[in-house]
J.: 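Submitted below is the structure of interest, expressed as structure tokens.
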Amino acid sequence: MATSNLRIANEAWEALFRAQATIGRELTEGDVWGELVPREYGVLYALSAAPDGLRITELLDDVLLTQPGMSRLIARLEARGLVERADDPGDRRACRVRLTETGARAQREIGRAHGRQVADAMTQSLSRHELLQLRDLCWALVSS
């Protein structure tokens with residue numbers, strides 16, 4: 001890699017990292033979470049796209065926790081009636097975690113407020129065209 005590309009790549013990474021940290025902090029400190037913390041909402045969000053539920057190991061891909069940390073988080077959500085465990089028909093040793101009706105309702109309500117919060121944060125400084133470019137660039141980074 002040419003020296004100039006090395007420098008530019010590192011500058012781009014630094015800018016991306018700082019932007020994510022700044023906006024992430026703003027979103028985390030928002031008042032949309034109700035009785036949940038953002039990581040708990042992240043689990044509900046991931047489960048909302050999986051009507052048959054997900055294994056805990058699959059949830060680890062969406063929420064950056066260790067396996068024991070994820071198990072504790074699931075136990076807290078289960079105790080509050082937001083998720084339930086069900087046998088995994090493909091593997092008798094495993095279980096799948098899925099939303100309860102209460103969990104699905106909480107995810108939708110918080111999700112609407114969080115979606116508005118994200119849109120407000122992202123549109124403060126970026127035009128529609130820039131948002132589309134940013135989306136496409138980020139997807140290019142994760143698909144390569």
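Side-chain atoms are counted along with the backbone in the values below, which use heavy atoms only and exclude waters and symmetry mates.
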J.: Please enumerate all residues that pass salt bridge (charged side-chain N to carboxylate O under 4.0 Å, His left out) together with Arg135, with sequence neighbours excluded.
T.: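 Applying salt bridge (charged side-chain N to carboxylate O under 4.0 Å, His left out) to Arg135 gives none.
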J.: Within the structure provided, determine whether Ser125 and Glu130 are in side-chain contact (heavy-atom separation under 4.5 Å).
T.: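 The answer is no, as the side chains (C-beta and beyond) never meet within the 4.5 Å cut-off.
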J.: With sequence neighbours left out, what residues match Arg18 under side chain to side chain donor-acceptor pair (under 3.5 Å)?
T.: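 With neighbours one apart ignored, the set is Glu14.
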J.: Holding to salt bridge (charged side-chain N to carboxylate O under 4.0 Å, His left out), I want the full list of residues that pass it with Asp120, two or more places apart in sequence or in another chain.
T.: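 Asp120 satisfies salt bridge (charged side-chain N to carboxylate O under 4.0 Å, His left out) with no residue once adjacent residues are dropped.
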J.: Between Arg93 and Asp88, does a salt bridge (Lys or Arg N to Asp or Glu O under 4.0 Å) hold up when you go through it step by step?
T.: CA-CA 8 Å; Arg93 299 167 296 157; Asp88 186 334; over 6 Å; no
J.: Tell me whether Leu65 is reachable from Leu27 by hopping between hydrophobic residues (I, L, V, M, F, W, Y) whose side-chain heavy atoms are closer than 4.5 Å.
T.: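 No, Leu27 and Leu65 fall in different hydrophobic clusters.
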J.: Let's go through Met122 and Leu134 carefully: what are the C-alpha distance in whole Å and the side-chain angles of both, what is the deciding distance for side-chain contact (heavy atoms from CB on, under 4.5 Å) to 0.1 Å, and is it a yes or a no?
T.: CA-CA 10 Å; Met122 296 295 288; Leu134 178 61; 3.6 Å; yes
J.: Are Pro38 and Thr28 packed together at the side-chain level, in the sense that at least one heavy-atom pair is separated by less than 4.5 angstrom?
T.: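 In contact.
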J.: So do the side chains of Arg55 and Val97 get within less than 4.5 Å of each other, counting heavy atoms only?
T.: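 Sidechains of Val97 and Arg55: no contact.
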J.: In the hydrophobic cluster built from side-chain contacts under 4.5 Å, what are the other members alongside Trp13?
T.: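 Trp13 shares its hydrophobic cluster with Leu16, Phe17, Leu141.
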J.: Can you name the residues that form a salt bridge (charged side-chain N to carboxylate O under 4.0 Å, His left out) with Asp31, not counting sequence neighbours?
T.: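 With sequence neighbours excluded, Asp31 shows a salt bridge (charged side-chain N to carboxylate O under 4.0 Å, His left out) to no residue whatsoever.
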J.: Kindly state each residue pair satisfying ring-ring contact (aromatic ring centres under 6.0 Å, His included) with at least one member in residues 44-83, sequence neighbours excluded.
T.: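 Every pair satisfying ring-ring contact (aromatic ring centres under 6.0 Å, His included) with a residue in residues 44-83: there are none.
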J.: Listed by chain and number, what are the side chain to side chain donor-acceptor pair (under 3.5 Å) partners of Arg25, not counting sequence neighbours?
T.: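 Not a single residue meets the side chain to side chain donor-acceptor pair (under 3.5 Å) criterion with Arg25.
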J.: Would you compute the distance between atom SG of Cys138 and atom CD of Gln133 and round it to the nearest 0.5 angstrom?
T.: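 It is 11.5 Å, given to the nearest 0.5 Å.
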J.: Please list, chain by chain and in numerical order, all residues satisfying side chain to side chain donor-acceptor pair (under 3.5 Å) with Glu58, sequence neighbours excluded.
T.: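 Checked Glu58 against side chain to side chain donor-acceptor pair (under 3.5 Å); zero matches.
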J.: According to ring-ring contact (aromatic ring centres under 6.0 Å, His included), does anything in residues 73-103 pair up with another residue at least two apart or in another chain? List the pairs.
T.: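 Every pair satisfying ring-ring contact (aromatic ring centres under 6.0 Å, His included) with a residue in residues 73-103: there are none.
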J.: Which atom pairs, donor and acceptor, lie under 3.5 Å between side-chain atoms of residues 69-87 and protein residues at least two apart or in another chain?
T.:
residue: Ser71; atom: OG; partner: Gln67; partner atom: O; Å: 3.2
residue: Ser71; atom: OG; partner: Gln67; partner atom: NE2; Å: 3.2
residue: Glu78; atom: OE1; partner: Arg85; partner atom: NE; Å: 2.9
residue: Arg80; atom: NH1; partner: Glu40; partner atom: OE1; Å: 3.4
residue: Arg80; atom: NH1; partner: Glu40; partner atom: OE2; Å: 3.1
residue: Arg80; atom: NH2; partner: Glu35; partner atom: O; Å: 3.0
residue: Glu84; atom: OE2; partner: Arg98; partner atom: NE; Å: 2.9

J.: Does any pair with a residue in residues 104-136 pass ring-ring contact (aromatic ring centres under 6.0 Å, His included), and if so which ones, sequence neighbours excluded?
T.: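 Checked against ring-ring contact (aromatic ring centres under 6.0 Å, His included) - neighbours excluded - the pairs reaching residues 104-136 are Trp33-His114, Tyr41-His114.
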J.: Using salt bridge (charged side-chain N to carboxylate O under 4.0 Å, His left out) as the criterion, list what pairs up with Glu26, not counting sequence neighbours.
T.: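 Listed in chain order: nothing, the list is empty.
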J.: Specify the closest pair of heavy atoms between Arg96 and Gly53, including all atoms of both residues, with the distance to one decimal.
T.: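 Closest heavy-atom pair between Arg96 and Gly53: NH2-O, 2.9 Å.
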J.: Tell me the closest heavy-atom pair linking Leu44 and Ala106, and the distance in Å.
T.: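 Closest heavy-atom pair between Leu44 and Ala106: CD1-CB, 4.5 Å.
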J.: Out of curiosity, Leu99 CG to Arg108 CZ, how far, rounded to the nearest 0.5 Å?
T.: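 Atom-to-atom, Leu99:CG and Arg108:CZ are 9.0 Å apart.
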